[in-house]
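Sequential numbering from 1 along the given sequence is applied to the chain's residues.
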Amino acid sequence: SEEKDGGEGLFAKRNFLPGEIVSYFGGLRTWEDLFLFDNMTDSDYWTAHAYYLHLSEIAPSHWNLDDELVIDIPVGFREIDEYRTTLGHKVNHKFGGRNQNLLFDAVHHPVLGYIGCLISNKPIRRGDELFVDYGYSLEFSPPWYKKLYKLYNYRKI
């Protein structure tokens, strides 16, 4: 990524128009209580929390998904050489609508079933880095997110 501490990031391999699926977010279908525990350190908690998508929050209600169902990319499958079936977990966060070029959505994939996806919300050119708003609540977000939030709001003043 071109972002400081942005990891690998995700870049467009071709041009996209608004409304197109840019990437899928698949992985292990599981529940938070199977990988987030009360006795974890803050660091371990946010590491475990970093690569999952709360599918039931973005899926249509007629799919009748369990409210607690999430898609997780577990530790050991987060790098591009470990897991590349879908790459939605590589997209970095940005605040502010003009800074994002993607939105989270859900899709019924013909092979992977119900999974997340990232939809372009503006024209994207080949080579552009892709960004989405993770949509965390400030009360329940990792330290890096709160720091970025303060920086973003400071720049707006």
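Y114 pairs in a ring pair (Phe, Tyr, Trp, His ring centres under 6.0 Å) with only one of the listed residues (F25, W63, Y24), which is W63.
Between the CG atom in L36 and the OH atom in Y52 there is a gap of 5.5 Å [rounded to 0.5 Å]. To the nearest 0.5 Å, the span separating OG1 on T86 from NE2 on H109 amounts to 8.5 Å. To the nearest 0.5 angstrom, N101 atom CG is 9.0 Å from E129 atom CD. Rounding to the nearest 0.5 angstrom, the gap separating the CD atom in Q100 from the NZ atom in K122 is 7.5 Å. Here H89 contributes atom NE2 and E79 contributes atom CD; the two are 8.0 Å apart, rounded to the nearest 0.5 Å. How far CG of N121 is from CG of L102: 6.5 Å, rounded to the nearest 0.5 Å.
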Identify all side-chain donor-acceptor contacts of residues 16-23 below 3.5 Å with residues at least two apart in sequence or on another chain.
| unit_1 | atom_1 | unit_2 | atom_2 | d |
| --- | --- | --- | --- | --- |
| E20 | OE1 | R14 | NH2 | 3.3 |
| E20 | OE2 | L17 | N | 2.5 |
| S23 | OG | G88 | N | 3.2 |

I'd like a table of donor-acceptor pairs (distance under 3.5 Å, sequence neighbours excluded) in which one partner is a side-chain atom from residues 130-140, with atom names and distances.
| unit_1 | atom_1 | unit_2 | atom_2 | d |
| --- | --- | --- | --- | --- |
| D133 | OD1 | G135 | N | 2.8 |
| Y134 | OH | V91 | O | 2.6 |
| S137 | OG | F140 | N | 3.3 |

Report all side-chain donor-acceptor pairs from residues 54-62 shorter than 3.5 Å, counting only partners two or more places apart or in another chain.
| unit_1 | atom_1 | unit_2 | atom_2 | d |
| --- | --- | --- | --- | --- |
| H54 | ND1 | S56 | OG | 3.3 |
| S56 | OG | D67 | O | 2.7 |

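Closest non-hydrogen pair, G27 versus Y83, comes out as N-OH, 3.6 Å. Taking every heavy atom of both residues into account, G127 and F11 meet most closely at O-CD2, 3.5 Å.
Residues passing the side-chain contact (heavy atoms from CB on, under 4.5 Å) test with T47, sequence neighbours excluded: S43, V75, R78. Under the side chain to side chain donor-acceptor pair (under 3.5 Å) criterion, W31 pairs with D66, sequence neighbours left out. Here E82 pairs with nothing under the salt bridge (charged side-chain N to carboxylate O under 4.0 Å, His left out) rule; sequence neighbours left out.
Other residues, nucleotides and ligands contribute more than 12 heavy atoms inside 6.0 Å of the CG atom of D81. Heavy-atom neighbours of D33 CG from other residues, nucleotides or ligands within 6.0 Å: above the threshold of 12. Within 6.0 Å of NZ on K146 lie more than 12 heavy atoms contributed by other residues, nucleotides or ligands.
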**OP:** Please report the C-alpha distance between V107 and I115 in whole Å, then the side-chain angles of each, then the deciding distance to 0.1 Å, and finally whether the side-chain contact (heavy atoms from CB on, under 4.5 Å) criterion is met.
**Re:** CA-CA 6 Å; V107 65; I115 60 172; 3.8 Å; yes
Original post:
After noting the C-alpha distance and the side-chain angles of L28 and F77, does the key distance pass the side-chain contact (heavy atoms from CB on, under 4.5 Å) rule?
Top reply: CA-CA 10 Å; L28 178 66; F77 295 93; over 6 Å; no
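Between the D72 side chain and the E32 main chain, no donor and acceptor come within less than 3.5 Å of each other.
For an aromatic pair to be called close, the ring centres must be under 6.0 Å apart, and Y145 with F95 satisfies this.
Note on M40: it does not cluster hydrophobically with Y51, by side-chain heavy-atom contacts below 4.5 Å among ILVMFWY residues. Cluster annotation: I73 is not connected to F35 through the hydrophobic network of ILVMFWY side chains, with a link wherever side-chain heavy atoms come within less than 4.5 Å. The hydrophobic cluster containing I124 also contains F104, counting ILVMFWY residues as joined when their side-chain heavy atoms lie under 4.5 angstrom apart, directly or transitively. A chain of hydrophobic side-chain contacts below 4.5 Å, direct or via other Ile, Leu, Val, Met, Phe, Trp or Tyr residues, connects L53 to L112.
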